[in-house]
Amino acid sequence: MMLTWIAVITFGLIAAVAVVRWVIRRAADNPPAGQPCLASLPETAASRPTAKPPLGAAGSGGCGLLFGLAWTMFSLIFVLVPLGVLISELRTAILLHTGGVTTEAVVISRRIDPDSESDTYYVTYRYWAPLPQGDRRQLTHEESVDWDTYKTLIPESRVNVRYVAVKPETVRLEGQSKTLEIVFLTGFMLFGGLFVGIGLWLIYTSGQEIRYDRLLSQHGAITAARLTDRWTQTDSDGGKDYCVAFCFAVLGQPEITATEINRKAYHTLQVGDPVQVRYAPGKPEICRIEI
């Protein structure tokens, strides 16, 4: 079972790294409000900036938002499940420490739960706990143990256990540390938290793209621009993106140069041709070609 969780964590980390790299590239390709676009473009194609689809293209913001929500909801499982187990283990440990009673138990049986990766060892023991009326009742409990403990606890052997006085069903073998399990649960919860963080970042960047698109659609102004460059770049799937660069001036602002993936503009315009651009007043770096 432990190897299964290790495999899940390993593949999860690989997926997380891939998504983080994608998020970083996405964030770099979408300059936030308040940061101007490039003032000029490099002369060599190899040093050109990576162009991005125009705001609102094919509902990219909405798709990213839905993906981010689904990713976050799924990732929460890897936080909430270990968190619940961890809280339960810590509560039990506190109860046993503050209100526990030590007594002697008798081992009834033991068993091995075989697994394709490792075996889990269980011991069942019987112990007695007092009732409020003054009588005693017999209780049995099965507990997972390590291999060394399993070897020593043969049937009919006696062992000390500690139970909660107000809830005698809550019991643990004395000397059985849960530190490793708590550390593992904490690490797994942090691992899930990383995934949740990625999902929240996806939600934020997609929501920002939706806000920018709405800002352009509702309050955008049209101005004249000219095409300054056109080229192709390879996308993440190995396909070809058709990219253009354009520049325009807004009163009281430095000249804005921006890039975007735009197949229609690439095939219909030449460098130097005029083109209309829609931009956000006060934030001209948020812009797109109108064609």
Side-chain angles (χ1 to χ4, degrees), residues 1-35 50-94 113 115-118 120 144 178-218 235-239 241 260-261 280 283 286 288:
M1 182 62 69
M2 181 69 72
L3 291 179
T4 299
W5 287 114
I6 292 175
V8 170
I9 292 175
T10 301
F11 286 113
L13 287 175
I14 293 173
V17 169
V19 174
V20 167
R21 291 179 62 185
W22 177 80
V23 168
I24 293 174
R25 186 169 63 248
R26 178 187 177 95
D29 292 344
N30 290 273
Q35 295 185 6
T50 302
K52 65 182 187 300
L55 292 170
S60 57
C63 293
L65 182 61
L66 290 176
F67 178 75
L69 288 170
W71 178 281
T72 303
M73 295 302 293
F74 177 76
S75 301
L76 279 173
I77 298 174
F78 295 93
V79 175
L80 298 179
V81 171
L83 178 61
V85 177
L86 180 61
I87 291 175
S88 176
E89 287 293 338
L90 291 175
R91 183 185 293 121
T92 299
I94 293 173
D113 185 11
D115 191 87
S116 59
E117 297 156 351
S118 62
T120 304
S144 63
K178 296 291 183 177
T179 302
L180 182 61
E181 182 178 351
I182 291 174
V183 170
F184 176 77
L185 288 170
T186 302
F188 201 77
M189 186 173 60
L190 294 175
F191 163 76
L194 171 64
F195 273 64
V196 172
I198 293 173
L200 293 175
W201 180 253
L202 289 173
I203 292 172
Y204 170 76
T205 55
S206 299
Q208 186 181 60
E209 185 174 338
I210 293 173
R211 290 194 301 272
Y212 287 169
D213 178 51
R214 185 173 300 170
L215 179 63
L216 285 179
S217 300
Q218 296 179 356
D235 62 20
S236 58
D237 297 324
D241 286 331
E260 71 179 42
I261 299 172
K283 296 180 179 179
I286 302 174
R288 67 183 175 211

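Nothing here was measured: the structure is a model prediction, and the numbers come from that model. Computed from heavy atoms alone, side chains included, the values below leave out hydrogens, waters and symmetry copies.
- The distance from atom CG of Leu216 to atom NZ of Lys283, rounded to the nearest 0.5 Å, is 11.0 Å.
- Ring-plane geometry between Phe78 and Phe195 is classed as tilted, the angle between the planes lying from 30 to 60 degrees on a 0 to 90 degree scale.
- A distance of 11.0 Å separates CG of Leu69 from CZ of Phe67, quoted to the nearest 0.5 Å.
- Within 6.0 Å of CZ on Arg211 lie more than 12 heavy atoms contributed by other residues, nucleotides or ligands.
- Residue Gly64 comes nearest to Ser206 through the heavy atom pair C-OG, 3.0 Å, listed as atom of the first residue, atom of the second, then distance.
- Closest heavy-atom contact between Thr120 and Ser144: CG2-CB, 4.3 Å.
- The CG atom of Asp213 lies 9.5 Å from the CD atom of Gln218; values are rounded to the nearest 0.5 Å.
- Atom CG of Leu65 and atom CD1 of Ile210 lie 4.5 Å apart (nearest 0.5 Å).
- Closest approach of Pro82 and Phe188 over heavy atoms only: CG-CD2, 3.9 Å.
- Atom-to-atom distance recorded for Ile77:CD1 and Leu83:CG is 14.0 Å, nearest 0.5 angstrom.
- Under the 3.5 Å distance criterion, the side-chain polar atoms of Thr205 are matched with a main-chain donor or acceptor of Trp201.
- A pairwise comparison of heavy atoms in Gly192 and Val79 identifies C-CG2, 3.3 Å as the closest pair.
- Smallest separation of non-hydrogen atoms from Glu181 and Glu89: OE2-OE2, 3.7 Å.
- Considering OG1 of Thr186 and CZ of Phe184, their distance stands at 10.5 Å, rounded to 0.5 Å.
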